[in-house]
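Heads up: the structure comes next, in structure tokens.
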Amino acid sequence: MNTANYKNKEKTFKVLVLGDVGTGKTSFIRRYVSQKFFINYKATIGSDFALKVIDWDENCQIKLQLWDIAGQERFSSMTRVYYRDAVGAFVAFDVTRAATFDAVAKWKQDVDTKLILPTGLPIPAVLLANKCDQESIVRKDKVNKLCEDLGFLCSFETSAKENIGIDESIKFLLTKILETE
Ligand code: GTP
Ligand code: MG
């Protein structure tokens, strides 16, 4: 019997959370990691970091590092440094602000040009239509098309405020990361 199969596995995954200013990246992470939500906006400066330990199944524990990249960092040369060694990414937009939807392509292209997996493939990425507790001004077919055109695995409607779609989107991305390992 090969006992190695029964050993507990521990994996560390670095996952990026990208998107324009005020789209809710910090709120998404905070909701997931500490079940909290704040209505007041405080801009992230540079980047921030949160860790969540997940008992994935009886054999595998995942240490998930969520990297919260400030929206204003898209215009800085630091993103290459932040992206290093990441194995997955979320790109968030705010369903109430079209400009943040238009910026999704820029974020996706930035990460895809600066970060390639050892397999030569882009890192698995998921699109987040955040603030879905509010009325969306971006049509669903436009979201689906963008998702396909840019090579996102899929999109999720999320609300950090109402705790919608957060656990699901993270679970989905982790499943894909485990598959591509
Ligand atoms: P930067 O750090 O500047 O890049 O912004 P961010 O993407 O981290 O945004 P942040 O999480 O700070 O949220 C911006 C504002 O939107 C805050 O006032 C939040 O309370 C609000 N917000 C975030 N998520 C949601 C949501 O799901 N629904 C609603 N209604 N408001 C949200
Ligand atoms: Mg922030």
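Just so you know, ligand 1 is whichever comes first in the structure, and atom 1 is the first atom listed for that ligand. Small disclaimer: the values here were computed from a predicted structure and weren't measured. Heads up: numbering here begins at 1 and tracks the sequence.
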query = Between Asp112 and Lys108, is a salt bridge (charged side-chain N to carboxylate O under 4.0 Å, His left out) present by the stated rule, with each step listed?
reply = CA-CA 6 Å; Asp112 285 348; Lys108 181 73 166 64; 2.6 Å; yes

key: Heavy atoms from other residues, nucleotides or ligands near CD of Glu162 exceed 12 (cutoff 6.0 Å)   = yes

query = What atoms of ligand 1 come closer than 4.0 angstrom to any heavy atom of Gln134?
reply = 30 (N)

Enumerated ligand 1 atoms positioned under 4.0 Å from heavy atoms of Ser159 = 27 (O)

message = Looking only at protein heavy atoms, which one is nearest to atom 8 (O) of ligand 1, and what is the separation?
response = Thr26 OG1, 2.8 Å

query = Against heavy atoms of Asn130, which atoms of ligand 1 measure under 4.0 Å?
reply = 24 (N), 25 (C), 27 (O)

task = Considering heavy atoms of the protein only, find what lies nearest to atom 3 (O) of ligand 1 and give residue, atom and distance to 0.1 Å.
result = Tyr41 OH, 2.5 Å

inquiry  = Is there a polar contact, in the sense of an N or O pair closer than 3.5 Å, between Phe38 and ligand 1?
reply    = yes

request  = Begin with the C-alpha distance, continue with both residues' side-chain angles, and end with the deciding distance and a verdict on side-chain contact (heavy atoms from CB on, under 4.5 Å) for Ile170 and Phe90.
outcome  = CA-CA 9 Å; Ile170 290 180; Phe90 292 104; 3.7 Å; yes

request  = Have a look at ligand 1 and work out which part of Glu162, if any, has a heavy atom under 4.0 Å from it: side chain, backbone, both or neither.
outcome  = neither

key: For Ser27, the ligand 1 atoms whose distance to one of its heavy atoms is below 4.0 Å   = 10 (P), 11 (O), 13 (O), 19 (C), 23 (C), 24 (N)

request  = Return yes or no for this condition: an N or O of Gln72 is under 3.5 Å from an N or O of ligand 1.
outcome  = no

key: Polar atom proximity, Gly22 to ligand 1 (N or O, under 3.5 Å)   = yes

message = Regarding Thr26, does it place an N, O or S atom less than 2.8 Å from the Mg ion (ligand 2)?
response = yes

ask   = Taking both backbone and side-chain atoms of Ala160, is any N or O found less than 3.5 Å from an N or O belonging to ligand 1?
value = yes

Which of the ligand 1 atoms, numbered from 1, are nearer than 4.0 Å to a heavy atom of Val21 = 3 (O), 4 (O)

task = With heavy atoms under 4.0 Å as the rule, classify the contact between Ala70 and ligand 1 as side chain, backbone, both or neither.
result = backbone

key: Asp149, CG atom: more than 12 neighbouring heavy atoms under 6.0 Å   = yes

Whether Trp67 and Tyr82 hold their rings parallel, tilted or perpendicular, with breakpoints at 30° and 60° = tilted

With Asp20, the salt bridge (charged side-chain N to carboxylate O under 4.0 Å, His left out) member among Arg74, Lys25, Lys106 = Arg74

request  = Return the option from Leu128, Asp68, Asp94, Asp133 holding the heavy atom at the smallest distance from atom 29 (C) of ligand 1.
outcome  = Asp133

task = Assess whether side-chain contact (heavy atoms from CB on, under 4.5 Å) is satisfied between Phe37 and Asn163, documenting all intermediate values.
result = CA-CA 9 Å; Phe37 176 77; Asn163 196 15; over 6 Å; no

task = With side-chain contact (heavy atoms from CB on, under 4.5 Å) as the test, would you mind laying out the steps for Glu181 and Lys11 before giving the verdict?
result = CA-CA 11 Å; Glu181 259 199 322; Lys11 294 171 186 292; 2.9 Å; yes

request  = Measure the distances from the heavy atoms of Phe37 to every atom of ligand 1 and state whether one is below 4.0 angstrom.
outcome  = yes

key: N or O contact, Gly24 vs ligand 1, cut-off under 3.5 Å   = yes

task = Report yes if Gly19 has an N/O atom closer than 3.5 Å to an N/O atom of ligand 1; otherwise report no.
result = no

Whether Lys14 side chain and Leu66 backbone form a donor-acceptor pair below 3.5 Å = no

key: Closest protein heavy atom to atom 7 (O) of ligand 1, given as residue, atom name and distance to 0.1 Å   = Lys25 NZ, 2.6 Å

ask   = With a 3.5 Å cut-off and no angle check, do the side chains of Asp94 and Thr100 form a donor-acceptor pair?
value = no

request  = Using only heavy-atom distances, determine whether the side chains of Thr79 and Lys114 contain a donor-acceptor pair under 3.5 Å.
outcome  = yes

message = Quick test: of every protein heavy atom, which one is nearest to atom 18 (O) of ligand 1, and how far off is it to 0.1 Å?
response = Ile39 O, 2.8 Å

inquiry  = Quick test of your reading of the model: are Glu179 and Lys176 salt-bridged, counting only N-O distances below 4.0 Å?
reply    = yes

inquiry  = Counting C-beta onward and ignoring hydrogens, is there a side-chain heavy-atom pair between Phe38 and Thr26 closer than 4.5 Å?
reply    = no

ask   = Among all protein non-hydrogen atoms, which one is nearest to atom 25 (C) of ligand 1, and what is the separation to 0.1 Å?
value = Lys131 CG, 3.6 Å

